Amino acid sequence: MAVLRPAGDFDRSYEQDMSLVRQKWQWGVLIAGLIVLFALPRLGNTYIVTTLNQIAYTVVALQGLNLLTGYTGQISLGQAAFMLVGGYAAGLGAKELGLPFYLSIPFAGLMAGLVGLIFGLPALRVKGFYLAMATLAAQFIIPWLTRQPKFERYMGGTNGFIEVPVITFLGHRFGELSDFVYISLVVMLITTVLTINVTRTRIGRAFVSVRDNDLAAELLGVNLFHYKLRAFFLAAFFAGIAGSLRAFSQRGVGTQFGYGLEESVLFLGMLVIGGLGTNLGPFLGAIFIILVEDLALWMGATLAETFPAQAAQLLTSFRPLFFGLALVLFLIFEPRGLTHRWRLLKASWRLRPFAR
Amino acid sequence: MDKRTKRIRNLFVTIGVALLVVWLIRPYTNWILVPQQIINGILNGGTLALIALGIVLIYKASEVFNFAAGHMVMIGAYLVWWFAGGVGESALISLPLWAAIIAGMIVAVFIGFFIERFALRPMTGQPLLAIILMTLGMAQIMQGLTTVLFGVTPKGNFPAPFSPSDVFNIPIAPINDVSIVFLNRLQLGHARLATFIVALLAAAIFVAFFNYTRTGLAMRATSENHELAQSVGIKVSRVFGLSWAIAGVIATLGGVLLATLTGVSLSLSTVALAAFPAILLGGLESFLGAIVGGLLVGITVALVQTSTVVEVRNSAEIAPYVLLLIVLLIRPEGLFGQKRIERI
């Protein structure tokens, strides 16, 4: 995408060309934004804390899915299952191996990445819809494995969950969510820098070439075998990290907490609504859909008070309904997502008053 | 090596592998259950085959893979249940079962037309991911609508014509001297048998429709090549709409058949998901493949339950998906599909 820059803004050195934050005022905005972000949980509002935490780990999972689906063009319906793997790896790593949390989070990513590689293998032979089916198989097989009575000792068996210990760091217990949310936010910022750098360097450009035309990419010397597997590994790695954050913040992990096919579909929907193949997309999509779902929950709860006889159906029906409607409307009217709208807004601001 | 020898070689290899597998699992299988389970598998597979047929139909006509098929099945079952007066005392109408099925099908036709016109036609020319997500989005909407209209509790009062306890007994000669009572007969449940016969009849009607009627031939022509079909005067958009309408009818029928066995509940959509492995096994573009795939998936699920190893028995719910992975790795185009899928 051509970068629109105002007149007089040009680079004098290679470092300047490669820098992510270009100007002094952008540094100012960034630091101010971070201060606001880190001050929000201190307001003492539980809703803000929970939502912020949920957004943080969802964004991490979406960034992984974005690398795989948005940049490499491989459809995955199994992101929630890889999150589950990461959650279990983090929980078991902390509980059984006694890993400190700053090791168990990357450990979770690594384990999920390895499982992702296994289910990415069919990508070498099939693509498009067939690949979606292979990842759909992962979405059914992995949660089923965690529910097996044989693994009851480690994965909770038919209970469907295990408890995850509270993490401690430098003598401080992160038992309260309002404390833990800072770990989520920091991890989210690290993965954000990571994805930005992955997508603008060699490997990211190779991903894009695989997406746009795999035959041409191969002629240019991109090894499809390696790069597709790398995309699968990265997607599952990020999912694993997101799963570990979710496991530590919910203090438990397992199929009782969700991690089903609906969630994988939800992730794909968030990505499309945010904008596929853009680094801003995961943020906008996660924020938008999580807020819409909260609105649906609130509406359901309010209506359930008025009609207590239908409470059960009112509480559960609005979420899929609202999400489905948002997804369908975005696909029809703005398939390029919220990011595209944001860019249009920026461009029109820059070109004012000569164009609208 | 020419094609014929290759085919014969493949046949022998397949039979050899199958025999080897049977020999390997021999000590871990409860063989006396096998004949009964094969029958159950075939009978259950019939419903899957019918649902798979609906998905293949849409794929052939418009190259859209309908991930909402499971939810169409669920909605179909709920509609028939509602028209048959399932709500109870406060029901607006209470039709006999046959009329309720017809009424449900008519509504399903409109739902099919609606989905095609307002959800999928704007998607023409969009990438695969967008189209898959569109059907997934429709599935979510249907899930929400069904929940808000009919509630979350499963409905046990589906007016099924048979109860699960009605069975035909086929006497067979006792094998050796095994002293287990049910060895002397095979059971054919009325409901399952009727389901199977209806599924096969419906499949036969659709095959005839596609081979002998003008509309059916137009639909096949469209599935071969959109532009050529347009140039001989077939209205492609109408064919798309029609294929969704017929898929709605098939889904409703599948929903009724599933509901006869399990009752009406929101989980019908997940039960119907096993139709996807069936389609890939049979090959995406083949009606015959959909039927054979459905039967094979049904038999696999049933046979897994004959194992003496409890872990294998537990795996019945994921057996279709394991089968799916094996098919994808060995023969991605399926048994009867065209080898058009691009190899990388």
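Everything numeric in this text was worked out from a predicted model, so none of it was measured. Every chain is numbered from 1 and lettered A, B, ... according to where its sequence line falls, protein lines coming before strand lines.
Residues of residues 292-301 of chain B lying under 4.5 angstrom from chain A, judged on non-hydrogen atoms, do not exist. Residue-level contacts of residues 290-298 of chain A with chain B do not occur; threshold 4.5 Å between heavy atoms. Residues of residues 71-82 of chain A lying within less than 4.5 angstrom of chain B, judged on heavy atoms, are A/Ile75, A/Leu77 in numerical order.
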Show your working on side-chain contact (heavy atoms from CB on, under 4.5 Å) between A/Val265 and B/Phe67 and close with a plain yes or no.
CA-CA 11 Å; A/Val265 174; B/Phe67 273 91; over 6 Å; no
Stepwise side-chain contact (heavy atoms from CB on, under 4.5 Å) test for A/Thr316 and B/Val148
CA-CA 8 Å; A/Thr316 50; B/Val148 82; over 6 Å; no
Run the numbers on A/Leu268 and B/Leu129 for side-chain contact (heavy atoms from CB on, under 4.5 Å), then give the verdict.
CA-CA 9 Å; A/Leu268 274 178; B/Leu129 175 69; 4.2 Å; yes
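For A/Leu327, the part sitting under 4.5 Å from any heavy atom of chain B is the side chain, from C-beta outward, and nothing else. Both the backbone and the side chain of A/Phe140 come within less than 4.5 Å of a heavy atom in chain B. At a 4.5 Å heavy-atom cutoff, the contact between A/Leu261 and chain B is made by side-chain atoms alone. B/Val322 touches chain A through backbone and side chain together, each having a heavy atom under 4.5 Å away. Residue contact with chain B, scored on non-hydrogen atoms closer than 4.5 Å, is absent for A/Phe330. Contact annotation for A/Arg147: only side-chain heavy atoms (C-beta onward) come within less than 4.5 Å of a heavy atom of chain B. Contacts between B/Phe276 and chain A at a heavy-atom distance below 4.5 Å involve backbone atoms as well as side-chain atoms. Only the side chain of A/Val272 comes within less than 4.5 Å of a heavy atom in chain B; its backbone stays farther off. Residue B/Met134 touches chain A through both its backbone and its side chain, counting heavy-atom pairs closer than 4.5 Å.
For residues 133-151 of chain B, the set of pairs meeting the side-chain hydrogen bond (donor to acceptor under 3.5 Å, both in side chains) definition, not counting sequence neighbours, comprises B/His71-B/Gln143.
If you tally non-hydrogen atom pairs under 4.5 Å between each of B/Pro320, B/Gly137, B/Pro277, B/Ala139 and chain A, the highest count goes to B/Gly137. Of the residues considered (A/Ala138, A/Ala134, A/Gly300), A/Ala134 shows the highest number of contacts with chain B, using heavy-atom pairs under 4.5 Å. Among B/Leu128, B/Leu145, B/Ile141, the residue making the largest number of heavy-atom pairs under 4.5 Å with chain A is B/Ile141. Of the listed residues A/Gly324, A/Gly269, A/Ala132, A/Pro335, the one with more heavy-atom pairs under 4.5 angstrom with chain B than any other is A/Gly324.
B/Phe118 and A/Ile332 get closest at one heavy-atom pair: O-CD1, 3.4 Å. Between B/Leu324 and A/Met133, the shortest heavy-atom contact is CD2-O, 3.3 Å.
Taken from CG in B/Leu328 to OH in A/Tyr130, the straight-line distance is 8.5 Å, to the nearest 0.5 Å. Atom-to-atom distance recorded for A/Ile118:CD1 and B/Leu325:CG is 11.0 Å, nearest 0.5 angstrom. The CG atom of A/Leu321 lies 12.0 Å from the CE atom of B/Met142; values are rounded to the nearest 0.5 Å.
With contacts defined as side-chain heavy-atom distances shorter than 4.5 Å, the pair B/Ile131/A/Leu331 does not qualify.
For B/Phe113, the CZ atom is densely surrounded, since the number of other residues' heavy atoms within 6.0 Å is greater than 12.
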